Structures are given as C-alpha cells and as structure tokens.
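Below, chain A is the first sequence line, B the second, and so on; all start at residue 1. Since we're looking at a predicted model, the values are computed, not measured.
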Amino acid sequence: MKDLKKETSASPPRRLRIDLDRPDRLTAAREAGQKTVAVLGVRVPESVFMACDAVPAYVGSYAASPTGGDLPRDACAVCRTSLDLVAGRWIPQGLIDAVAIAGACDWTIRLAGRLRDRVPVWTLDVDRNEGAEIGRARAVRSRAANLASVLDELGNLTDLPFTAKAFLKAYEQEMELDALCRRLDRLRATSPGAIPAAEYYRFIAARGLVTDDNWRTTARAALDAQADVHPATTGNPNVILAGSPTGFPESALVDMIEECDLRIVGDDFGLHGGLARSRPPLRGGKRAIVRWLVDELAIGRPPGENEAAGAVAQLLAERHADGIIWLTYHGCAPSAMEATRLSRWNIPVLTVEVEKVTPAPENLRTRLEAFRDQLTTKREAKVS
Amino acid sequence: MKLIAGLDLGSTTTKVVLLADGRIAGKALTPTGTDSREAARTVLEKACAEAGGTPNDIATIAASGYGRRLYHAADKVVNEITANAVGVGHLLGEGHAVRTIIDVGGQDSKIIRLDDDGRMSDFAMNDRCAAGTGRFFDNIARALGIKAAELGEAALESHSPEPISSLCAVFAESEVVSLIAQGKRVADIAAGIHAAVAKRIAQMGEQVGIEPEILLNGGGALNVGLQRAVKGELNAEITVPELAQYCVALGAAASILQA
C-alpha cells in the first residue's frame with residue numbers, strides 16, 4: 001500500500017490531468033510515482049482515476065491529425081489519431097500504464113480491442129441509445145458490473161484501492177474547476193465579445209495542465225485576466241459551438257468563425273455546456289458513487305427526443321443563439337446522427353468536419369458566411 | 001453611364017455581369033487560370049465593351065466566388081451562396097416560385113433552399129468530395145477520350161446506362177477505366193456517370209429538403225446529360241435559366257442595389 005503520509009509539501013506537485021501529446025508531463029508524473037491512464041471520451045469519469053492517484057491523460061482532440069495508425073479510413077480521425085498516439089508512441093515509450101475508453105461507437109470498441117494485449121484497457125460502456133426501456137435495467141446492471149471491475153483493477157494497478165473519500169475529494173476539485181469554467185462561459189454569454197473565443201478555448205483546454213497545488217490559482221488567474229475585456233460587438237448572429245464531445249476546437253477555426261461575423265455565445269462539448277448535465281454535489285459511499293457514475297455514463301444527454309429537443313431549445317433561448325455550429329469528424333457516425341437530429345427539430349445547424357484534411361479554408365469560409373446570412377435572414381423574418 | 005459590376009471569381013471560370021439602371025448591360029466569362037485578377041480584368045473589359053462603355057464607367061464592384069477575397073478592388077464581397085439566391089431573384093423577378101437552386105460549379109456543388117420571399121433559408125455544400133463537380137466531369141471526359149463539353153451529349157445517346165457504384169470521384173474514375181477495358185459503350189458509361197452524380201446531388205439535397213420549383217445553374221447546368229439525370233433522379237421538372245453560369249455574378253451586382 002502507498003504511504004500517503006509521505007506526501008508532503010516538499011513533494012513535487014502531483015498532476016491532476018494531462019492533456020494531449022505531452023510525453024514530458026507523462027514522464028514527470030511517472031517519476032513522481034503516479035500511474036498514467038490514457039483517456040478517450042469526455043464521458044469517461046476522470047475523477048475515478050484521480051481518486052486512485054492515477055493521472056488521466058486525455059487523448060482525443062479536435063486537433064487530431066488523420067495520419068493515424070492502421071485503422072481503415074472510415075474510422076474517424078479521433079480513433080485513428082488516438083491509436084497512433086497511444087499504440088505508436090506512448091505505449092512503446094512506456095509512458096502509459098492503462099487505457100480507458102468510452103465505448104461510444106463501434107470504432108472506439110475496436111480501438112480498445114487492438115490495445116488490449118499491450119496494456120490494461122478498460123472500456124466503459126456508455127448508453128448509445130440503442131436500448132429500449134425493457135433492456136435498460138439489464139444495461140444498467142451490466143454497466144455497474146463493468147465499472148466495479150474497472151475500479152478493482154485500477155486499485156490493483158495503483159496499489160491504492162478506490163475509496164469514496166478519495167473520489168469525493170477528486171470530484172470536488174473537478175466541480176470547482178468546472179464552476180470556474182462555467183463562470184467564464186457565463187461571462188462570455190452575458191458580455192458578448194468579452195472573451196475572444198480562441199482565448200477561451202485555450203484556457204478550457206489548459207485546465208488539464210494544472211497540478212493539485214496550483215490549479216485554483218491557475219484557473220482564477222486566467223479568469224481575472226479575462227475580466228479586462230474587449231468591447232462587446234452587437235448585431236451579429238449568435239451561435240453555439242457543439243459537437244462530437246472529444247475535445248475543443250482549434251484557435252484557427254474559432255478565429256475564422258468570428259471573422260465571419262458569427263458570435264460564439266456558448267458551447268456544448270459534453271463537459272460543461274448547457275446541454276450537458278452539470279455535476280451535482282455527491283455524498284455517500286462507494287455504492288452510491290458507482291450508481292451515480294452509471295447514470296453519468298448512461299445519460300450524457302436527456303434520453304427522450306422531446307426532452308432533448310427541449311434542452312437544446314432552452315440553451316438556444318438562454319444564450320439568444322440563432323443556430324448551432326456542429327463540429328464533427330468525417331466518419332463519426334454517432335456525431336452525424338446528433339447533427340441530423342438537430343436539423344429535424346428545425347434548428348439551423350452548420351456541420352463542419354474539423355480534422356486537418358478539412359478542405360480549403362475558402363470552402364469553409366463560404367459556408368460560414370452563408371450560414372451567417374441564413375441566420376440573419378431568419379432573425380429578420382422573426383422581427384417582421 | 002454608371003455601371004455596377006458583379007464578379008464571380010470561380011475556381012474554373014470567372015464571370016461578370018454589368019448592371020445599368022438595374023438591367024443587364026453586359027456580361028462575359030473567361031477561364032480563371034492561375035491569375036484570378038487578370039481573369040477579372042479580362043472579363044470586365046469584355047463586358048464593358050458589350051455594354052458600350054469602358055471600365056471607367058464602372059461605379060461599384062461586388063466580388064463573389066472562390067477568389068472573392070483576393071480581388072481587392074471590390075467595394076463589396078458577398079459569398080456565392082447568398083449571391084446565387086439574390087441573382088436568381090433578380091433574374092426571375094419578385095414573387096418567383098423557385099424554392100430550390102442546384103448549383104453545380106467547377107469545384108463544388110450546392111443545394112440552396114429559398115423561402116417564400118426568395119431569400120436563402122438553408123443550404124448544403126460539398127466540402128472535400130469532388131464528385132458532382134465540373135472538375136469531376138472533366139476528369140471522366142478525359143478518361144473516356146472525349147471533350148468535357150461532349151460528355152452530356154454522349155449520355156443522351158445511351159439507352160442502357162452502366163451502373164456506377166462508387167460516388168467517390170477517385171473510385172468512380174477507376175470504375176470508368178475498368179468499364180472502358182470491358183468494352184462498354186462510351187454513351188452508356190457517360191449516362192451512368194451522370195446518374196451517379198444526380199444521385200449524389202439528391203443525397204446532398206436530403207440535408208435541406210428539395211422542394212419545387214427547382215432551378216439548376218452553375219457551369220454544370222449546361223450539361224444536357226446532367227439535366228436529364230437530375231430530372232430523372234428527383235422525378236421533378238427542373239428549370240435551367242439562359243444565364244445559368246451568371247447567377248452568382250448577377251447576384252453580386254444586385255446585392256449592391258439591395259444595400
């Protein structure tokens with residue numbers, strides 16, 4: 001068993017999370033005695049790993065390059081890049097102790113299968129909306145068993161059994177950081193133009209780079225820095241950025257969206273946006289936590305068609321948003337289905353495939369400008 | 001004479017329409033080549049000559065199309081989707097009944113939905129895929145050993161189109177080469193290609209819903225084989241305006257009148 005009393009203020013800072021391709025940080029975490037877990041899928045509850053003093057290292061990103069691995073071309077860029085990164089670099093370099101993947105689509109499940117003989121791989125079942133109500137109870141039981149087994153294996157890996165107390169501490173840290181992110185998001189929504197979108201996403205992504213002794217100051221400093229804001233712009237159509245919840249958009253993309261006179265007033269990438277559930281305060285023992293985690297994995301979004309439509313409508317109304325820009329990857333079937341659903345509800349949606357093979361910027365600019373004109377027309381029609 | 005110029009700096013062809021008192025006074029087109037500004041200068045001179053004036057008579061220029069942001073002399077820049085809707089409105093007049101525009105351009109294709117007031121209400125545009133674009137037809141014509149302009153006419157001679165299973169431009173071209181090797185008729189291959197492209201257009205149209213009346217424009221609209229294939233695939237009448245290639249340029253010019 002690890003002796004926690006040895007952890008003193010003189011110890012090197014222990015990392016909470018690591019984002020993307022930062023082998024130096026992975027090395028440092030391992031040298032500090034922490035286990036590292038590559039994570040794919042934002043619905044993978046990272047607090048679980050933090051509770052066992054393992055460091056989740058997030059793999060997926062909108063910056064994904066499509067070079068990846070030996071997966072066929074119909075796999076999306078996230079899966080290909082993740083395989084490339086984890087199997088091609090992190091595992092051979094001995095930087096990763098385990099991999100946790102949300103079983104969100106067939107490709108993530110196949111991806112897990114390809115890594116399994118090299119490191120422990122935990123596939124966390126998430127609700128893919130395939131279950132009718134009659135199969136739901138069985139699905140929940142299955143997810144609970146799956147999760148319990150992950151917690152046991154994780155405890156064995158880190159020699160630090162999963163406990164409710166440790167989990168709640170990690171969870172509270174995440175909650176507090178999320179709350180700061182939401183404040184930033186709210187500031188952005190209430191003071192249009194206050195925060196350049198690229199800066200905002202840079203901060204949100206950077207929250208993964210904090211350590212357990214500086215994360216509050218890091219987050220608050222970023223928030224304070226944003227308080228000295230630029231003048232608001234008015235009149236341009238407002239949009240919500242949403243899409244495949246695997247990361248955050250690159251600066252170049254959000255810059256182009258703003259250059260095309262579309263104002264970003266909110267987002268939903270599954271972490272803290274209005275469509276995702278905010279984290280409730282948690283109490284109770286391990287059983288209660290497992291039950292909550294199962295729900296969290298099962299209900300990333302409201303389950304019913306009407307409820308989901310209502311949640312989207314509420315978000316659009318709250319933010320005075322005129323439409324949604326849906327970011328996705330070529331070949332990501334679950335994401336494509338979501339975008340189709342939004343269109344079915346008559347919400348103006350522009351789908352943008354964002355991997356680096358995304359075509360000439362002029363093509364994208366044309367679509368963004370036309371979307372702006374479309375939203376302007378709709379707004380004018382409403383007024384008249 | 002005060003002229004308003006609408007320039008459509010397309011990937012393949014540069015077009016211009018000149019308006020005088022709201023009416024078309026001149027028009028011209030030329031291949032864009034590698035220098036879109038030179039192409040713009042050429043068409044402006046030609047169109048001005050047709051209008052009985054000179055470039056000095058141009059009071060305002062609006063630029064649209066793929067190269068619109070490279071044309072720094074423009075007083076206004078408008079994207080080609082919005083410009084197309086405005087151009088169709090100007091061409092057909094207020095109260096027209098077109099609700100869907102299918103624009104087959106050199107490098108991309110678009111479906112543009114119009115509301116009851118003729119304003120653009122939704123659109124779909126291909127991003128990375130070359131299938132269903134002028135460039136795609138050029139490549140297929142080359143593979144068949146005929147001129148691009150002859151491809152549509154060739155398709156009309158077919159009574160038994162060869163099915164083309166792939167909608168990917170690269171794979172479709174390979175399929176065409178394979179069909180040639182099997183000794184299939186050029187007319188049947190050409191008809192098969194047009195049918196495949198029409199199917200792809202219909203698929204793209206599902207994103208926004210294709211409603212009549214339907215207008216086909218862009219350079220691809222001049223392809224009679226494509227006209228027939230789209231009509232068959234959509235099982236609907238389509239209109240091809242006389243100025244099919246000029247709608248975006250016209251819309252750019254007309255957008256100045258709207259401002």
In Å, rounded to the nearest 0.5 Å, how long is the span from [atom1] of [X] to [atom2] of [Y]?
| X | Y | atom1 | atom2 | result |
| --- | --- | --- | --- | --- |
| A/Glu380 | B/Asp117 | CD | CG | 11.0 Å |
| A/Phe371 | B/Met120 | CZ | CE | 10.0 Å |
| B/Ser64 | A/Glu369 | OG | CD | 9.0 Å |
| A/Asp373 | B/Ser255 | CG | OG | 10.0 Å |

- Sort and list the pairs that fulfil side chain to side chain donor-acceptor pair (under 3.5 Å) and have at least one residue in residues 83-98 of chain B, not counting sequence neighbours. B/Asn84-B/Asp103, B/Asn84-B/Asn217

Is the shortest side-chain heavy-atom distance between [X] and [Y] below 4.5 Å?
| X | Y | value |
| --- | --- | --- |
| B/Arg68 | A/Thr366 | yes |
| B/Asp115 | A/Thr377 | yes |
| B/Arg119 | A/Gln374 | no |

- Item | Sequence neighbours excluded, every pair satisfying ring-ring contact (aromatic ring centres under 6.0 Å, His included) that has a member inside residues 194-220 of chain B | B/Phe137-B/His194

- Can you list the steps and then say if B/Phe123 with A/Leu350 is a side-chain contact (heavy atoms from CB on, under 4.5 Å)? CA-CA 9 Å; B/Phe123 67 93; A/Leu350 178 70; 3.8 Å; yes

- Can you name the closest pair of heavy atoms from B/Asn79 and A/Arg372 and give their distance? ND2-NH2, 4.2 Å

- Item | Residue part contacting chain B, namely of A/Leu375, when any heavy atom lies under 4.5 Å | neither

- Is there a donor-acceptor pair under 3.5 Å between the side chain of A/Asn363 and the backbone N or O of B/Asn126? yes

